Undergrad: 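If you scroll down you'll find the structure; I have some questions about it.
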Amino acid sequence: MNTSLLKKFAVATLLAGTFFTAQAALKVGDTLPDLASFKLVGKLPDSLKGKIVIVDFWASWCLPCAKSFPVLDELQKKYGDRVVVLAVNVDEKAANMDKFLAKHPVSLTVVRDAEQKLVAVAEPATMPTSFILDGEGKVRFLHNGFHGEDTRKEYITEIDSLLK
Amino acid sequence: MKHKAFLLLASALLISVTGCANVKPWQRETLADYTMRADRDPLGVAQAEHIWFSREEASGGRGVGGGGCGCN
(Lines give C-alpha, C1' and ligand atoms only; values in the text may rest on other atoms or scores of the structure.)
Protein backbone atom coordinates (compact mmCIF):
# COMPACT_ATOMS: atom_id res chain seq x y z
CA MET A 1 0.00 0.00 0.00
CA ASN A 2 1.53 3.36 -0.99
CA THR A 3 1.50 6.58 1.06
CA SER A 4 -1.28 8.16 -0.99
CA LEU A 5 -3.57 5.21 -0.40
CA LEU A 6 -2.78 5.26 3.29
CA LYS A 7 -3.70 8.93 3.46
CA LYS A 8 -6.98 8.29 1.66
CA PHE A 9 -7.70 5.45 4.04
CA ALA A 10 -7.01 7.66 7.06
CA VAL A 11 -9.23 10.45 5.71
CA ALA A 12 -12.06 8.04 4.87
CA THR A 13 -11.90 6.49 8.33
CA LEU A 14 -11.86 9.90 9.99
CA LEU A 15 -14.84 11.09 7.97
CA ALA A 16 -16.75 7.90 8.66
CA GLY A 17 -16.01 8.20 12.36
CA THR A 18 -17.14 11.82 12.39
CA PHE A 19 -20.34 10.86 10.62
CA PHE A 20 -21.19 8.10 13.05
CA THR A 21 -20.47 10.14 16.17
CA ALA A 22 -22.12 13.38 15.06
CA GLN A 23 -24.78 14.53 17.50
CA ALA A 24 -27.74 16.74 16.80
CA ALA A 25 -28.50 18.23 20.18
CA LEU A 26 -31.30 20.66 20.87
CA LYS A 27 -29.73 24.02 21.58
CA VAL A 28 -30.68 27.60 22.32
CA GLY A 29 -32.53 29.05 19.35
CA ASP A 30 -33.94 25.71 18.22
CA THR A 31 -37.64 24.94 18.30
CA LEU A 32 -38.78 21.93 20.27
CA PRO A 33 -40.45 19.36 17.98
CA ASP A 34 -44.14 18.58 18.46
CA LEU A 35 -44.30 16.55 21.67
CA ALA A 36 -47.37 14.67 20.51
CA SER A 37 -45.27 12.78 17.98
CA PHE A 38 -43.06 11.11 20.59
CA LYS A 39 -45.60 8.77 22.20
CA LEU A 40 -44.87 10.08 25.67
CA VAL A 41 -46.58 8.16 28.44
CA GLY A 42 -48.76 10.46 30.52
CA LYS A 43 -51.01 13.38 29.82
CA LEU A 44 -49.50 16.40 28.14
CA PRO A 45 -51.04 19.81 28.82
CA ASP A 46 -53.75 20.70 26.31
CA SER A 47 -51.83 23.64 24.90
CA LEU A 48 -48.37 24.95 25.52
CA LYS A 49 -48.66 27.83 23.08
CA GLY A 50 -48.04 31.20 24.67
CA LYS A 51 -46.69 29.64 27.84
CA ILE A 52 -43.19 29.40 29.12
CA VAL A 53 -42.29 25.75 29.28
CA ILE A 54 -39.49 24.16 31.24
CA VAL A 55 -38.76 20.78 29.72
CA ASP A 56 -36.73 18.91 32.30
CA PHE A 57 -35.17 15.57 31.47
CA TRP A 58 -34.69 13.48 34.60
CA ALA A 59 -34.24 9.94 35.82
CA SER A 60 -34.89 8.18 39.11
CA TRP A 61 -31.25 7.12 39.45
CA CYS A 62 -29.96 10.67 39.13
CA LEU A 63 -29.29 12.33 42.49
CA PRO A 64 -29.20 15.94 41.23
CA CYS A 65 -32.62 15.29 39.68
CA ALA A 66 -34.00 14.55 43.12
CA LYS A 67 -32.50 17.81 44.38
CA SER A 68 -33.98 19.75 41.48
CA PHE A 69 -37.54 18.50 41.99
CA PRO A 70 -38.46 20.72 44.97
CA VAL A 71 -37.17 23.76 43.06
CA LEU A 72 -39.11 22.88 39.92
CA ASP A 73 -42.18 22.31 42.05
CA GLU A 74 -41.67 25.68 43.71
CA LEU A 75 -41.41 27.36 40.28
CA GLN A 76 -44.61 25.71 39.11
CA LYS A 77 -46.45 26.95 42.18
CA LYS A 78 -44.89 30.40 42.02
CA TYR A 79 -45.75 31.10 38.37
CA GLY A 80 -48.99 29.13 38.11
CA ASP A 81 -50.59 29.03 34.66
CA ARG A 82 -47.94 31.20 33.03
CA VAL A 83 -45.30 28.49 33.28
CA VAL A 84 -45.54 24.77 32.58
CA VAL A 85 -42.88 22.57 34.07
CA LEU A 86 -42.81 19.40 32.02
CA ALA A 87 -40.72 16.75 33.71
CA VAL A 88 -39.75 14.14 31.14
CA ASN A 89 -38.67 10.89 32.76
CA VAL A 90 -36.21 8.72 30.84
CA ASP A 91 -36.15 5.66 33.10
CA GLU A 92 -36.11 2.29 31.39
CA LYS A 93 -38.58 0.89 33.92
CA ALA A 94 -41.79 2.71 34.82
CA ALA A 95 -41.67 1.18 38.30
CA ASN A 96 -38.48 3.11 39.07
CA MET A 97 -40.16 6.37 38.11
CA ASP A 98 -43.23 5.55 40.21
CA LYS A 99 -41.06 4.72 43.20
CA PHE A 100 -39.20 8.01 42.82
CA LEU A 101 -42.40 10.04 42.51
CA ALA A 102 -43.83 8.37 45.61
CA LYS A 103 -40.73 9.48 47.49
CA HIS A 104 -40.62 12.96 45.91
CA PRO A 105 -44.23 14.02 45.38
CA VAL A 106 -44.59 17.05 43.10
CA SER A 107 -47.35 18.95 41.34
CA LEU A 108 -45.49 19.07 38.02
CA THR A 109 -46.63 17.58 34.75
CA VAL A 110 -44.68 14.34 34.57
CA VAL A 111 -44.50 12.27 31.41
CA ARG A 112 -42.33 9.30 30.59
CA ASP A 113 -40.28 9.01 27.43
CA ALA A 114 -40.61 5.23 27.51
CA GLU A 115 -39.09 4.72 24.07
CA GLN A 116 -36.42 7.37 24.70
CA LYS A 117 -37.24 9.05 21.43
CA LEU A 118 -37.63 12.62 22.63
CA VAL A 119 -34.47 12.43 24.69
CA ALA A 120 -32.61 11.11 21.66
CA VAL A 121 -33.68 14.20 19.73
CA ALA A 122 -32.93 16.64 22.53
CA GLU A 123 -29.60 14.91 23.34
CA PRO A 124 -29.17 16.35 26.85
CA ALA A 125 -25.51 16.43 27.80
CA THR A 126 -26.16 15.68 31.47
CA MET A 127 -28.86 14.44 33.79
CA PRO A 128 -30.79 16.47 34.58
CA THR A 129 -30.95 18.92 31.70
CA SER A 130 -33.67 21.48 31.33
CA PHE A 131 -34.67 23.59 28.38
CA ILE A 132 -36.62 26.79 28.97
CA LEU A 133 -38.87 27.55 26.03
CA ASP A 134 -40.63 30.80 25.25
CA GLY A 135 -44.26 31.10 24.20
CA GLU A 136 -43.38 30.13 20.64
CA GLY A 137 -41.72 26.90 21.68
CA LYS A 138 -38.23 28.15 21.02
CA VAL A 139 -35.40 27.17 23.37
CA ARG A 140 -34.25 30.33 25.12
CA PHE A 141 -32.20 28.93 27.98
CA LEU A 142 -30.48 25.66 28.70
CA HIS A 143 -29.41 24.22 32.03
CA ASN A 144 -26.99 21.32 32.23
CA GLY A 145 -27.21 19.66 35.62
CA PHE A 146 -28.61 21.19 38.78
CA HIS A 147 -26.45 23.34 41.05
CA GLY A 148 -28.76 24.15 43.93
CA GLU A 149 -29.49 27.76 44.77
CA ASP A 150 -27.47 29.07 41.82
CA THR A 151 -29.65 27.19 39.35
CA ARG A 152 -32.79 28.24 41.22
CA LYS A 153 -31.84 31.91 40.92
CA GLU A 154 -31.02 31.48 37.25
CA TYR A 155 -34.41 29.88 36.62
CA ILE A 156 -36.22 32.77 38.25
CA THR A 157 -34.19 35.43 36.46
CA GLU A 158 -34.71 33.73 33.11
CA ILE A 159 -38.43 33.12 33.57
CA ASP A 160 -38.94 36.70 34.73
CA SER A 161 -37.10 37.97 31.66
CA LEU A 162 -39.37 35.93 29.40
CA LEU A 163 -42.50 37.11 31.21
CA LYS A 164 -41.67 40.79 30.69
CA MET B 1 -11.49 1.28 -8.57
CA LYS B 2 -9.99 -1.61 -6.63
CA HIS B 3 -8.39 0.83 -4.25
CA LYS B 4 -11.69 2.60 -3.63
CA ALA B 5 -13.46 -0.66 -2.94
CA PHE B 6 -10.69 -1.64 -0.58
CA LEU B 7 -10.94 1.69 1.21
CA LEU B 8 -14.68 1.36 1.63
CA LEU B 9 -14.43 -2.21 2.84
CA ALA B 10 -11.60 -1.43 5.24
CA SER B 11 -13.46 1.59 6.64
CA ALA B 12 -16.63 -0.41 7.15
CA LEU B 13 -14.68 -3.21 8.80
CA LEU B 14 -12.82 -0.81 11.07
CA ILE B 15 -16.05 0.82 12.23
CA SER B 16 -17.85 -2.48 12.74
CA VAL B 17 -15.12 -4.10 14.82
CA THR B 18 -14.64 -1.23 17.20
CA GLY B 19 -15.39 -2.22 20.77
CA CYS B 20 -16.19 1.28 21.97
CA ALA B 21 -19.72 2.11 23.00
CA ASN B 22 -20.89 5.64 23.55
CA VAL B 23 -23.19 5.59 26.58
CA LYS B 24 -25.50 8.58 26.51
CA PRO B 25 -26.25 10.44 29.74
CA TRP B 26 -29.81 9.10 29.84
CA GLN B 27 -28.61 5.51 29.39
CA ARG B 28 -26.56 5.40 32.59
CA GLU B 29 -29.15 3.74 34.74
CA THR B 30 -27.15 0.55 35.15
CA LEU B 31 -23.87 2.40 35.61
CA ALA B 32 -25.47 4.62 38.26
CA ASP B 33 -26.74 1.64 40.22
CA TYR B 34 -25.57 1.27 43.79
CA THR B 35 -24.04 -2.11 43.04
CA MET B 36 -21.67 -0.47 40.56
CA ARG B 37 -20.10 1.67 43.26
CA ALA B 38 -16.60 0.65 44.30
CA ASP B 39 -17.20 1.92 47.82
CA ARG B 40 -20.54 0.22 48.43
CA ASP B 41 -19.01 -2.20 50.95
CA PRO B 42 -16.34 -0.42 53.05
CA LEU B 43 -15.51 -3.56 55.06
CA GLY B 44 -15.12 -5.63 51.90
CA VAL B 45 -12.89 -2.98 50.35
CA ALA B 46 -10.73 -2.85 53.50
CA GLN B 47 -10.35 -6.63 53.46
CA ALA B 48 -9.48 -6.69 49.78
CA GLU B 49 -6.95 -3.90 50.28
CA HIS B 50 -5.36 -5.80 53.16
CA ILE B 51 -5.04 -8.98 51.11
CA TRP B 52 -3.74 -7.02 48.15
CA PHE B 53 -0.99 -5.12 49.94
CA SER B 54 0.02 -8.17 51.96
CA ARG B 55 0.42 -10.18 48.79
CA GLU B 56 2.01 -7.48 46.69
CA GLU B 57 4.09 -5.86 49.41
CA ALA B 58 3.00 -2.63 47.87
CA SER B 59 1.21 -0.93 50.67
CA GLY B 60 0.36 2.71 50.14
CA GLY B 61 -0.15 2.49 46.43
CA ARG B 62 -3.80 3.12 46.86
CA GLY B 63 -3.57 5.40 49.82
CA VAL B 64 -3.22 2.71 52.44
CA GLY B 65 -0.59 3.19 55.13
CA GLY B 66 1.71 0.41 56.36
CA GLY B 67 4.85 -1.43 55.51
CA GLY B 68 3.49 -4.27 53.42
CA CYS B 69 4.01 -6.91 56.11
CA GLY B 70 0.29 -7.61 56.36
CA CYS B 71 0.39 -7.11 60.10
CA ASN B 72 -1.56 -3.87 60.35
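Lettering follows sequence order; numbering is per chain, from 1. Keep in mind that this is a model prediction, so the values were computed, not measured.
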Undergrad: Taking everything shown except A:Glu149 itself, do over 12 heavy atoms lie less than 6.0 Å from its CD?
TA: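 Yes - once you tally the heavy atoms of other residues, nucleotides and ligands closer than 6.0 Å, there are more than 12.
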Undergrad: Hydrophobic cluster membership, with links at side-chain heavy-atom distances under 4.5 Å among I/L/V/M/F/W/Y: are A:Val85 and A:Leu133 in one?
TA: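 No, A:Val85 and A:Leu133 fall in different hydrophobic clusters.
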Undergrad: Taking all heavy atoms of A:Ala125 and all of B:Pro25, pick out the closest pair and write down the distance.
TA: O-CG, 3.2 Å
Undergrad: Within the distance-only criterion (no hydrogens, no angle test), does the side chain of B:Glu29 pair as donor or acceptor with the backbone N or O of A:Glu92 below 3.5 angstrom?
TA: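 Between the backbone of A:Glu92 and the side chain of B:Glu29 there is a qualifying donor-acceptor contact (under 3.5 Å).
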Undergrad: Which one wins on heavy-atom pair count under 4.5 Å against chain B: A:Leu63, A:Thr126, A:Thr129?
TA: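 The candidate making the most pairs under 4.5 Å is A:Thr126.
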Undergrad: Taking the side chain as every heavy atom from C-beta outward, state whether B:Lys24 and A:Gln116 have any atom pair closer than 4.5 Å.
TA: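 SC-SC contact between B:Lys24 and A:Gln116 ruled out.
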Undergrad: So if you build clusters from Ile, Leu, Val, Met, Phe, Trp, Tyr with side-chain heavy-atom gaps below 4.5 Å, do A:Phe131 and A:Val119 land together?
TA: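 In one cluster: yes.
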Undergrad: State the CG-CH2 distance between A:Asp91 and B:Trp26, to the nearest 0.5 angstrom.
TA: 14.5 Å
Undergrad: More than 12 foreign heavy atoms under 6.0 Å from CZ of A:Arg112: is that the case here?
TA: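 Counting other residues, nucleotides and ligands, CZ of A:Arg112 exceeds 12 neighbours.
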Undergrad: Looking at A:Asp81, I'd like to know if its CG atom is crowded, meaning that more than 12 non-hydrogen atoms belonging to other residues, nucleotides or ligands lie closer than 6.0 Å.
TA: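 Result for CG/A:Asp81: open.
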